[in-house]
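What follows is a single structure, written as structure tokens, with notes after it.
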Amino acid sequence: MPTIPTPHYKVHVDGQLSQINSLIKKHGSSSVFILVDQNTKEHCLPALDAAIEKPYHLLEVVAGEKNKSLDSCNYLWNQLVEHKADRHSLIINLGGGVIGDMGGFVAGTYMRGIAFIQMPTTLLAQADASIGGKLGVDHKGLKNMLGIFRNPYAVITHTPFLETLDEQELKSGYAEVIKHALINSKSAWERIKSQGTQFSNDNWSKLVTNAVKTKVQIVEQDPTEQGLRKILNFGHTVGHAVESFYLGTPDHLLHGEAVAKGMITEAYISFKLGRINIIELEEINSLLESLYTLPQVQEKDIPTLLDLMRSDKKNKDGQIKFALLNQIGACDFDIDVDEALIKESLLF
Ligand SMILES: NC(=O)c1ccc[n+]([C@@H]2O[C@H](COP(=O)([O-])OP(=O)(O)OC[C@H]3O[C@@H](n4cnc5c(N)ncnc54)[C@H](O)[C@@H]3O)[C@@H](O)[C@H]2O)c1
Ligand SMILES: [Zn+2]
């Protein structure tokens with residue numbers, strides 16, 4: 001099964017879980033911690049527990065985006081101190097993007113940084129979040145406000161973990177796969193379009209491998225997001241605002257669902273600026289609307305959404321910056337968009 005090398009670490013897709021043992025040996029780990037939430041403890045830990053030879057300490061947090069917080073980090077840092085983690089300890093992040101982002105941040109800040117292995121268990125984390133070294137937590141209602149860039153020691157991706165994910169979580173992850181196609185590959189888009197809503201019959205190993213290769217290729221050209229990497233934010237300027245807006249409300253959206261809403265909105269902006277044509281816009285809309293049930297933005301909510309967008313990390317001097325399509329399969333970044341057009345697009 002494929003191992004995808006990056007200049008800094010390797011991504012192992014669908015090897016044996018027991019390869020964790022050789023990685024621990026190579027790292028020379030003094031102690032090992034496995035971070036889970038209650039769902040990955042139930043569905044994923046048994047397989048890892050059967051494979052891992054070295055004794056480990058289990059760290060557990062409550063699942064969910066609202067626990068991707070400094071409070072959870074505080075608890076985890078305390079646990080590391082109590083269990084005498086030292087500079088040679090290793091943390092294995094067994095979970096979705098929340099566990100990977102937060103566990104990586106905890107590892108990357110503990111004693112100025114200890115090693116961690118990403119073991120992603122959702123489609124979103126396997127295809128996207130586990131790659132690229134962006135780590136962090138939400139703060140004051142804003143997505144990923146606190147964080148660092150730091151590469152994992154390795155990524156071990158085991159696609160059989162996806163079997164216990166529900167349909168809504170799979171679809172959420174698939175939004176990032178669609179994003180990779182829209183910004184980078186017309187041929188991948190054609191494949192995705194022809195599968196329509198039947199994507200979950202796909203060969204996960206192949207789909208995840210392709211997504212990882214795309215992300216690695218973009219991230220390695222610009223690891224700290226000074227330029228090109230910003231195209232990965234297509235759908236995320238609006239997506240993060242919508243995700244933050246509904247966080248903790250009954251209309252709460254999964255990350256990928258918010259990104260789907262963001263991609264529809266930002267494809268509309270791309271169309272209005274003459275960057276894509278009406279046929280491309282309709283293709284994008286029709287696929288995303290057939291896959292996701294998305295909220296209709298109310299006019300009264302627009303000022304709050306705009307405020308959230310003004311807090312986006314990609315902005316400069318309070319000017320909201322977008323990554324927009326040039327055509328299906330190509331994307332540009334740092335584009336200023338007039339607020340009137342942003343408002344219009346949110347109501348589209
Ligand atoms: N670092 C990055 O580059 C990057 C990229 C994209 C997204 N993200 C972040 O990722 C997060 C979203 O990730 P996510 O969608 O994986 O969310 P998540 O980690 O909350 O996982 C979703 C749900 O699935 C459960 N779960 C995980 N694996 C399971 C399995 N195998 N079987 C059954 N249930 C399982 C979890 O407990 C959780 O309830 C967001 O915080 C987002 O900001 C980060
Ligand atoms: Zn995302």
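Just follow the structure's listing: the first ligand is 1, and inside any ligand the first atom is 1.
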salt_bridge(Lys186, Glu190) N-O dist < 4.0 Å: yes

Under 3.5 Å: N/O of Phe161 near N/O of ligand 1: yes

Min heavy-atom dist Leu254 to ligand 1 below 4.0 Å: no

Thr224-Gln226 side chain donor-acceptor pair, cut-off 3.5 Å: yes

Greater than 12 external heavy atoms within 6.0 Å of Glu299's CD: no

Selection from Thr164, Asn233, Thr122 by shortest heavy-atom distance to atom 16 (O) of ligand 1: Thr122

Name of whichever N/O/S atom of His255 is nearest to the Zn ion (ligand 2): NE2

Smallest separation among heavy atoms of Ala125 and Gly97, with atom names: CB-N, 3.6 Å

Donor-acceptor under 3.5 Å (Glu225 side chain, Pro223 main chain): no

Ligand 1 contact on Ala129 by region, counting heavy-atom pairs under 4.0 Å: both

Polar contact flag for Asp128 and ligand 1 (N/O pairs, less than 3.5 Å): no

Lys215-ligand 1 polar pair, N/O distance under 3.5 Å: yes

Min heavy-atom dist Gln168 to ligand 1 below 4.0 Å: no

Exercise: identify the closest heavy-atom pair between Asp86 and Ser30: OD1-OG, 2.5 Å

Polar contact flag for Glu176 and ligand 1 (N/O pairs, less than 3.5 Å): no

Structural part of Asp138 in contact with ligand 1, heavy atom criterion under 4.0 angstrom: neither

Closest candidate by heavy atom, reference atom 24 (O) of ligand 1, pool Glu169, Glu257, Glu42: Glu169

Heteroatom N/O/S of Asp128 within less than 2.8 Å of the Zn ion (ligand 2): no

Proximal atoms of ligand 1 relative to Asn144 (non-hydrogen, under 4.0 Å): 43 (O)

Aromatic contact, His255 with His240 (centres under 6.0 Å): yes

Name of the residue among Glu283, Glu280, His180 meeting side-chain hydrogen bond (donor to acceptor under 3.5 Å, both in side chains) with Trp189: Glu283

Which atom of Gln38 lies closest to which atom of Ala63, heavy atoms considered: OE1-N, 2.8 Å

Per-atom contacts, ligand 1 versus Thr40 - under 4.0 Å to a heavy atom: 27 (C), 28 (N)

Of the listed options Leu170, Asp37, Val98, closest to atom 19 (O) of ligand 1 (non-hydrogen atoms): Val98

Distance from atom 38 (C) of ligand 1 to nearest protein heavy atom, with residue and atom: Asn39 ND2, 4.1 Å

Any Cys44 heavy atom less than 4.0 Å from ligand 1: yes

Leu124 and ligand 1 - part of the residue with a heavy-atom distance under 4.0 Å: side chain

Side chain to side chain contact (heavy atoms under 4.5 Å, CB included) between Val297 and Lys261, worked out: CA-CA 10 Å; Val297 169; Lys261 178 77 185 169; 3.9 Å; yes

NE2 (His236) - the Zn ion (ligand 2) - OE2 (Glu176) angle, nearest 10°: 120°

Region of Lys143 engaging ligand 1 - heavy atom pairs below 4.0 Å: side chain

Region of Thr121 that comes within reach of ligand 1 [heavy atoms, distance under 4.0 Å]: both

Carboxylate-amine/guanidinium contact Asp128 Lys179, below 4.0 Å: yes

Ligand-side contact atoms (ligand 1) for residue partner Lys134, heavy atom cut-off under 4.0 Å: 1 (N), 3 (O)

Hydrophobic cluster of Tyr153, others only, ordered by chain and residue number, side-chain cut-off 4.5 Å: Leu17, Ile20, Leu23, Ile24, Val32, Ile34, Val36, Leu45, Leu48, Ile52, Tyr56, Leu58, Leu90, Ile92, Leu94, Ile117, Met119, Ile156, Phe161

Salt-bridge contact Arg229-Glu220 (side-chain N to carboxylate O under 4.0 Å): no

Gly96: numbered ligand 1 atoms lying under 4.0 Å from its heavy atoms: 16 (O), 19 (O)

Nitrogen or oxygen of Ser172 less than 3.5 angstrom from that of ligand 1: no

Residue part near ligand 1, for Asp101, under 4.0 Å between non-hydrogen atoms: side chain

Lys68 N/O under 3.5 Å from ligand 1 N/O: yes

Which residue and heavy atom of the protein sit nearest atom 40 (C) of ligand 1, plus the separation: Glu65 OE1, 3.2 Å

Side-chain ion pair, Lys134 and Asp101, N-O less than 4.0 Å: no

Non-neighbouring partners of Phe33 that pass ring-ring contact (aromatic ring centres under 6.0 Å, His included), sequence neighbours left out: His57

Which atom of Gly103 lies closest to which atom of Asn93, heavy atoms considered: CA-OD1, 3.3 Å

Heavy-atom check, side chain of Leu170 versus side chain of Trp204, under 4.5 Å: yes

Lys171/Glu257 ion pair, N-O < 4.0 Å: no

Part of His255 within contact of ligand 1 (heavy atoms, under 4.0 Å): side chain

Test item, Gln38 contacting ligand 1 (heavy atom, 4.0 angstrom): no

Heavy atom of the protein closest to atom 10 (O) of ligand 1 (residue, atom name, distance): Gly97 CA, 3.3 Å

Selected option - heavy-atom contact closest to atom 34 (N) of ligand 1, from Leu165, Val219, Leu232, Leu162: Leu165

Close-contact set for ligand 1 against Ala63 heavy atoms, below 4.0 Å: 37 (O), 39 (O)

